[in-house]
Structure formats: C-alpha cells, structure tokens
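The next block holds one structure in the form of structure tokens; read it before the comments.
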Amino acid sequence: SFDLMWKEFHFIRRVIFYHIEADQYASAVDCLKRSLSEALVSFYPWAGRFVVGEDGRVAVDCNDLGVEFVEASMDVSFKELEVNGFELKPLFGKLCQRIEHPPSNIFGIPLLSIQVTQLLHGGMALGYAHSHAVADGHSMWHFMNSWAECGRGMPISVPPLHDRTLLKIGVASKDSAARFSFGFPEAIKSTEATASQQAERKPSGLAQRVFHFTADMIKKLKGLAAEEDKGGFTSYEVLCAHFWKHITTARKLGDEATLSFAVFVNCRSRLSDPLPPRYFGNAVTMVAAFAAAGKLCSESFAASASRIREAIVKASSEGKFWDMLHWLELHDNLFTGDIMAPWMKIVPMNVASSFRFPVYDVDFGWGKPAAVRTARVTGGEGEMALFPGRSGGGSVDICLSLEADAMERLENDNAFLNF
C-alpha cells in the first residue's frame, strides 16, 4: 500500500550537475549506458511496467521492457550556472524528461527515465524522472549510488531487497484503520469550513529559489530554540520551524487562517522489527502539524519547533505506521482523494527530499557532483525540497516554491537569513 498510494502521483524529477570536459563527454555517456544496464540487473523493477494483476491490484510486471535513456545538448554555460550557485531556473525542467500520465493511463509508460545533457564550458547534467510508486527518496538514492558504483567498475556494495511481504498485512482491519488520522482539525474536515481561505489568496505567479544554510546558521537556530526549551531540537525541526514562521509572515495571511506543515518520515529504522536499509520501495509515512497563522507568528521559536517535533513523533509511531497501511487498504490505496482533499481548504507547506540523502556520493568516476537540484519544485506553492550542501559538514540547500510576492517579501525579511 505504501507503494500503491503514489501510483497516480507526478514523477519525481531531479538534476545532478557534473564538471566534465567536452572531449570526455562521449566516453562518459558510454559509461552511463553500460553501468545503467549493469545496475538494472539488481534494480530490475525500474525496467518493468505497471499492469493490473489477477487480483485487480496495480503491480509492476518485471518484463524487462527497459528504462528510457535520452541524450541531449543545450547552449547553456555550465560556468554561468556554477557562478550563480545553480539557482533554480526554468531551463532545469528541460534537463530531464517530463513524463505525463493522466491517472487513468499509468500503464505502458517507463517507470524511470534518464536524460544526459551536454552543457557548454565543461559541464554535464544527469536528469532523472521516476515513479514514486516504485521507490521513495531513500531507495532512489540507493539506486543512484549503486549505479555510480557500477560506473566506477565496482560491484554493488548494498544489493537491494525486493521482499514486499515484509509490509504485507493480509486482510485489512477496520478497527486499525479507524485509529489512523492525519490529524486535521475538526473544522477542516467540513466541506464548507475555511473554503474562503484559499479564495482570499490572490496568486501572483510562482517563484522558485535556493537558500543555502550553513552548518553555523543551523547551529545558531538550535541555540535560539534551546534558550526556550532545553530539550534540544534537531536540524530538521529548527529548519522547518524557521521557514514555516517566516513564510507565514511573508504570505500576509489573516490571523485565523489555518496552516498545515506536512512531514514525511522514513520508517525503515523506526519499527520494532526494522526494515533493512536496503529495502527497495516505499516505507514513508506522512502527518502534518497545524496552527492558526496568528498563533504561529506570535509564539516562541521553540514552540513552533515543538509542533514539527510532535508531528514527526506521531508519524514515527509504529502503531500509526501499521494503522496507515490498514487505512490505505480500505481507501483504494490512493494518495489523492481523502488524503489530499482537506489540504485544499488550508494554507499548506510540505517538505520533499532530505538533507540526509547521500546525493554527493553519486560519483561515476569523474568526481562528485557540482550540484544537485530539483528540476522544478513540483509540489506547488509552499513546498520545500531539501538537499545536503555540497560543502558538507551539516550545510543544507533548500529549494523553495512560493507565490512571487510572498517570495519577494521573504527575501527582504532581514531576520530570515540574519539571526
């Protein structure tokens, strides 16, 4: 069910930039093709296609139809992109395939598409688009690093585990499903409540930016939170709280506007019988923190960080993990519908990706990436995509999508980057 809930979701698209000279480009492409074919022997679901099984459920037919591999070139200067810190640009969307699939037609399309693009002045972009129903972020970067090992002529050090019976629940329990909740405030569950909140917002077009937070900046945020709560907060908790508070101010919402901040939690290591890190697929739960805009902006930083922490604790609960599986089985295993409808009536934020993913370890033999970016922050207004900073040491790059007017106000908020 954790796989099936994503089957109608948009493909995940990321771009990895590399330094590579023009005279090395052809051999690099040959290396990528050869090593990809080797990696797919172990990661064979990527080469399959969605089908409807005999039991009526969507499944991956591992029929070896293959993945898509596209070669391209673009008259864009790699050096210019690098000088500008690989700031998000519309052209990034052209560096990987955009696989369109209406919910009624998810069959027959490749589950993974790779695009290699030669750039001017010594650069290359490796873009991918993949079905979230096959793998979550943890598994995708497991695959990417395994592919890179093949590129360096090494065996795959951590073979994937494809055993879906580890998350099989048998007959879904109504009692277990009834215990599950996404935590929406009661007012939000009404089809009439707060509908005006979205209507009152006047979109000014979306802007997308990358914000780099150094390890020292994050350490300072932790210190600010610790002044009010000695329990200590994680980097994730203080980053999310900091962005949530300042973005809420930049959005200029009414005090009574209902806000949500959705977090996704990898539960592989959080179960009493943990899943192996090499489990390939989806093992992510979701829950949200909620607040009224006025309350969030006026409360202490530690109080806002505590909201994020409480959401993570709820999402990490083993009981919630299994209850969610039962709930999904009884709700057609869909991420949309009952899950997404309440979010349409509030002012949302959510986090994609993770700064713990080993994105800069994807070295095919010509060095680690110069940058890793999302092709576009596809979750819409209010989504953050997190990546580790290239400099390491706990730095983080945050790709953010926000209404243009709100983004301008956020960038002009002196306390946002200077604290």
Side-chain angles (χ1 to χ4, degrees), residues 3-4 6-16 18 25-54 57-74 93-118 124-164 278-282 362-365 375 378:
D3 295 322
L4 290 174
W6 300 100
K7 66 181 182 290
E8 296 181 359
F9 202 68
H10 63 75
F11 274 41
I12 307 302
R13 304 164 74 221
R14 302 286 184 256
V15 183
I16 310 173
Y18 291 97
Y25 176 75
S27 62
V29 173
D30 288 342
C31 170
L32 289 171
K33 289 180 179 178
R34 172 190 54 76
S35 55
L36 178 59
S37 65
E38 293 174 8
L40 289 175
V41 174
S42 295
F43 292 85
Y44 53 84
W46 287 129
R49 297 293 185 271
F50 286 134
V51 296
V52 177
E54 293 180 359
R57 294 166 68 92
V58 173
V60 176
D61 179 7
C62 297
N63 52 20
D64 205 26
L65 287 180
V67 306
E68 183 176 49
F69 192 98
V70 177
E71 295 180 54
S73 62
M74 186 177 288
K94 298 179 180 180
L95 297 175
C96 55
Q97 294 295 294
R98 183 178 180 86
I99 299 178
E100 300 286 1
H101 64 96
S104 60
N105 187 26
I106 62 173
F107 308 102
I109 59 175
L111 302 180
L112 172 65
S113 173
I114 302 296
Q115 179 177 320
V116 187
T117 306
Q118 184 175 21
M124 178 180 77
L126 174 61
Y128 67 72
H130 78 85
S131 170
H132 204 322
V134 177
D136 57 18
H138 175 95
S139 285
M140 185 62 197
W141 289 106
H142 175 196
F143 165 71
M144 293 300 294
N145 276 286
S146 299
W147 177 15
E149 285 180 322
C150 293
R152 299 196 304 272
M154 301 169 60
I156 293 175
S157 59
V158 184
L161 177 65
H162 298 293
D163 185 4
R164 289 298 190 277
R278 66 191 185 96
Y279 175 82
F280 186 80
N282 287 274
V362 185
D363 178 1
F364 289 89
T378 48

- Message: Any heavy-atom pair between the side chains of Leu4 and Val58 that's under 4.5 Å?
- Response: yes
- Item | Side-chain (His162) to main-chain (Ser42) donor-acceptor, under 3.5 angstrom | yes
- Message: Is it true that Thr117 and Gln115 share a donor-acceptor pair across their side chains at a distance under 3.5 Å?
- Response: yes
- Test: Glu38 and Lys33 ion pair at under 4.0 Å: no
- Message: Using 0.5 Å steps for rounding, measure from the SG atom of Cys62 to the CZ atom of Arg49.
- Response: 11.0 Å
- Judged by modelled atom types alone, do Ser73 and Gln118 share a side-chain donor-acceptor pair under 3.5 Å? no
- Are any non-hydrogen side-chain atoms of Phe50 and Asp61 less than 4.5 angstrom apart? no
- Query: Taking all non-hydrogen atoms of both residues, which atom of Asn63 and which atom of Ala47 are closest, and how far apart?
  - Reply: OD1-O, 3.6 Å
- Message: Donor-acceptor check, side chain of Ser131 to backbone of Phe11, threshold 3.5 angstrom: yes or no?
- Response: no
- Rounded distance [0.5 Å steps], CG in Leu32 versus OG in Ser37: 11.0 Å
- Message: As a quick check of understanding, evaluate side-chain contact (heavy atoms from CB on, under 4.5 Å) for Glu68 and Tyr128, giving each step before the final call.
- Response: CA-CA 10 Å; Glu68 183 176 49; Tyr128 67 72; over 6 Å; no
- Message: For Asp136 and Trp6: C-alpha separation, side-chain torsions, deciding distance, then whether side-chain contact (heavy atoms from CB on, under 4.5 Å) applies.
- Response: CA-CA 10 Å; Asp136 57 18; Trp6 300 100; over 6 Å; no
- Determine, using ring centers only, whether Phe143 and His130 are less than 6.0 Å apart. no
- Message: Would you compute the distance between atom CD of Glu149 and atom CG of Asp363 and round it to the nearest 0.5 angstrom?
- Response: 10.5 Å
- For the student: nearest non-hydrogen atoms of Arg34 and Cys150, plus distance: NH1-O, 3.6 Å
- Can you measure from OG (Ser113) to CZ (Arg13) and round to the nearest 0.5 angstrom? 9.5 Å
- Does the gap between the ring centers of Phe43 and Trp147 come in under 6.0 Å? no
- Minimum side-chain heavy-atom gap Leu36-Ile114 below 4.5 Å: yes
- Task: State whether the side chain of Asp64 and the backbone N or O of Gly48 hold a donor-acceptor pair below 3.5 Å, judged by distance alone.
- Result: no
- Message: Within the structure provided, determine whether Ser146 and Ile156 are in side-chain contact (heavy-atom separation under 4.5 Å).
- Response: yes
- Inter-residue atom distance Arg278.CZ - Ser157.OG, 0.5 Å rounding: 11.5 Å
- Message: Please give me the minimum heavy-atom distance between Ser139 and Phe280, naming the atom from each residue.
- Response: OG-CA, 3.4 Å
- When rounded to the nearest 0.5 angstrom, what is the spacing between CD1 in Ile16 and CE in Met144? 3.5 Å
- Please examine the side chains of His138 and Tyr279, heavy atoms only from C-beta on, and report whether any two atoms are closer than 4.5 Å. no
- Would you say Leu95 and Arg14 make side-chain contact, with heavy atoms under 4.5 Å? no
- Does the side chain of Val60 come within less than 4.5 Å of Leu111's, by heavy atoms? yes
- Item | Heavy-atom check, side chain of Val362 versus side chain of Trp141, under 4.5 Å | yes
- Report the C-alpha separation of His142 and Val158 in whole Å, then their side-chain angles, then the decisive distance to 0.1 Å, and conclude whether the side-chain contact (heavy atoms from CB on, under 4.5 Å) test is met. CA-CA 8 Å; His142 175 196; Val158 184; 3.8 Å; yes
- Query: After noting the C-alpha distance and the side-chain angles of Leu40 and Val67, does the key distance pass the side-chain contact (heavy atoms from CB on, under 4.5 Å) rule?
  - Reply: CA-CA 9 Å; Leu40 289 175; Val67 306; 4.0 Å; yes
- If you take all heavy atoms of Val116 and Tyr25, which pair is closest and at what distance? O-OH, 3.5 Å
- Do you know which two heavy atoms are closest between Val134 and Pro45, and how far apart they sit? CG1-CB, 4.3 Å
